[in-house]
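What follows is a set of notes on a single structure, which appears directly below.
Everything numeric here is computed off the predicted structure, so don't read it as measured data.
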Amino acid sequence: MLFDTHAHMDDRAFDEDRQTLLASLPGQGIGLLMNPGCSLESSRRADALSRAYDYIYAAVGSHPDAADEVDPAALEEYRKLCRENPKIRAIGEIGLDYHFFYSDKETQKKWFGRQIELAKDLDLPFLIHDREAHGDTLSILKEHRSSRMRGIMHCFSGSLETAEEMMKLGFYISFAGPLVFPKSRRLKEAARDIPLDHLLIETDSPYLTPPPHRGERNEPANVIFVAREIARLKGLTVEKVVEETRKNGLRIYGIE
C-alpha cells in the first residue's frame, strides 16, 4: 500500500467529490495519506479529515503565502490542535516562497523560524516548502539546528548537493510529479543518487499532476507514477520503492 506523504485533500478542487474520492482511495492502493495545512483554515480542515478517515493523518501550519496571517494566537491554535488530536504528526507546510511573494521576505523568514521552533517544542517534524529560496531556507535551518529538528523537504526541486545538505540536517527528501516530467534531468539525477532510506513520495494533490495525466486534477493514486520513476532510475522493483518509502514515511511521522 502506498503512502502519499503530501496531499491537500481539503483543497477546494475536491469540494464536489471529496467524500467519494476519499472513500475510493484505499481500493486504489493508498494505504496512508498526510494532509498538510497551508493556513489556519486549511489546518482546521486537515484536522477534521484526519478525524474522519482512518488512513489520513494531518499537519498544521501556515504556508509562506499565508505568512501575513500568522501571529502568536495562530501558533497557540496550532499547538492546541496538536495536543488534542494525536493524528496530527507534523507542522507544515511551512517555509519560503520567493516566486509569488504574497508575503514579503522578512515576514516569511520570521514566521518560518517561529514555526520551526513550535515543531521543536512539540517534538514534531515539519514539512518545508522551498520555492526559489534554497539559500535562505538552508540558512534558517542551520540557525535553528538542534537534535530535535527533523522533517521533510516537500516536493524537492533542488540539486543533489542541496539534498545532501538537507540530509545532514536530519531531513528526508520527497519527490512529486515533476520527477516524472521528461525534461527534469537534474531532479532525476538527484533521485537516482539520494539513498533510498531518505526518500519519500507524494503527489501534492491537486497540483503538479505527473504524466500520463498532465492537464488533469492530480489525485493521490498518481503517486504510483513517482514510485515507478524512482524504481526506474535506481534499477529497483516498484514494490521495493513502495515498501521502503512507506517505511520512511512511518518513521519520520512516528506512525506505528
Side-chain angles (χ1 to χ4, degrees), residues 2-8 11 13 28-30 33-34 36 38 63-65 92-101 127-138 141 151-169 171-246 248-249 252:
L2 292 148
F3 189 170
D4 185 350
T5 59
H6 197 111
H8 299 280
D11 192 277
Q28 297 180 62
I30 301 299
L33 184 147
M34 171 57 70
C38 286
H63 186 285
D65 289 352
E93 136 187 24
I94 65 176
L96 303 174
D97 192 310
Y98 290 175
H99 183 77
F100 289 114
F101 284 111
L127 292 76
I128 299 175
H129 174 101
D130 170 14
R131 187 169 187 184
E132 300 174 20
H134 298 330
D136 280 352
T137 297
L138 278 171
L141 291 174
I152 296 164
M153 178 60 82
H154 139 70
C155 192
F156 185 67
S157 62
S159 64
L160 176 62
E161 291 73 23
T162 299
E164 289 172 341
E165 287 288 326
M166 295 299 302
M167 289 186 286
K168 289 176 185 176
L169 291 168
F171 288 83
Y172 287 75
I173 309 300
S174 184
F175 286 97
L179 179 68
V180 190
F181 298 172
K183 295 183 179 180
S184 298
R185 184 168 59 91
R186 185 177 67 165
L187 274 187
K188 294 179 190 298
E189 291 172 352
R192 180 194 64 205
D193 294 337
I194 294 169
L196 185 58
D197 64 2
H198 275 75
L199 286 180
L200 297 171
I201 55 176
E202 62 169 277
T203 58
D204 200 21
S205 295
Y207 314 106
L208 301 175
T209 310
H213 296 291
R214 291 294 289 157
E216 303 173 17
R217 179 185 70 179
N218 203 5
E219 297 180 2
N222 289 331
V223 76
I224 187 63
F225 298 110
V226 184
R228 288 174 181 169
E229 184 66 2
I230 291 173
R232 184 188 71 80
L233 292 166
K234 288 185 169 294
L236 300 170
T237 65
V238 177
E239 291 77 13
K240 178 67 171 176
V241 172
V242 169
E243 177 185 5
E244 293 304 316
T245 55
R246 177 186 171 90
N248 294 342
I252 187 61

Using every non-hydrogen atom in the two residues, find where [X] and [Y] come nearest and quote the distance to one decimal.
X    : Y    : answer
D197 : Y172 : O-CE2, 3.3 Å
S174 : T5   : OG-OG1, 3.6 Å
L179 : A191 : CD1-CB, 3.7 Å

Can you see whether [X] engages [Y] through a side-chain donor-acceptor pair at a distance of less than 3.5 angstrom?
X    : Y    : answer
T203 : D4   : yes
N248 : H198 : no
H213 : E219 : no

Quick check for you: to the nearest 0.5 Å, what is the distance between [X] atom [atom1] and [Y] atom [atom2]?
X    : Y    : atom1 : atom2 : value
H154 : M34  : NE2   : CE    : 13.0 Å
H99  : E132 : NE2   : CD    : 5.5 Å
E202 : H8   : CD    : NE2   : 8.0 Å
K188 : I230 : NZ    : CD1   : 10.5 Å
E165 : T137 : CD    : OG1   : 12.5 Å

| said: Assess whether a salt bridge exists between R232 and E229, defined as any Lys/Arg side-chain N lying under 4.0 Å from an Asp/Glu carboxylate O. | reply: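 Result for this pair is yes, salt bridge flagged.
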
| request: May I ask you to decide whether K168 forms a salt bridge with E164, counting only side-chain N to carboxylate O separations under 4.0 Å? | output: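 The answer is no: the pair does not qualify as a salt bridge.
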
| Trace of the side chain to side chain contact (heavy atoms under 4.5 Å, CB included) decision for D97 with H63 | CA-CA 9 Å; D97 192 310; H63 186 285; 4.3 Å; yes

| Main-chain N/O of I194 paired with K234 side-chain donor or acceptor, under 3.5 Å |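 Checking the backbone N and O of I194 against the side chain of K234, a donor-acceptor pair under 3.5 Å is found.
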
| query | Would you call the rings of F156 and F175 parallel, tilted or perpendicular, where under 30° means parallel and over 60° means perpendicular? | reply |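 Geometry flag for F175 against F156: perpendicular rings.
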
| said: Check the orientation of F101 and Y98. Use parallel for under 30°, tilted for 30 to 60°, and perpendicular for over 60°. | reply: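 Taking Y98 first and then F101, their aromatic rings lie parallel (interplane angle under 30°).
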
| task | Would you mind telling me which of L187, L233, L160 makes a side-chain contact (heavy atoms from CB on, under 4.5 Å) with R192? | result |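 One option only clears the test, and that one is L233.
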
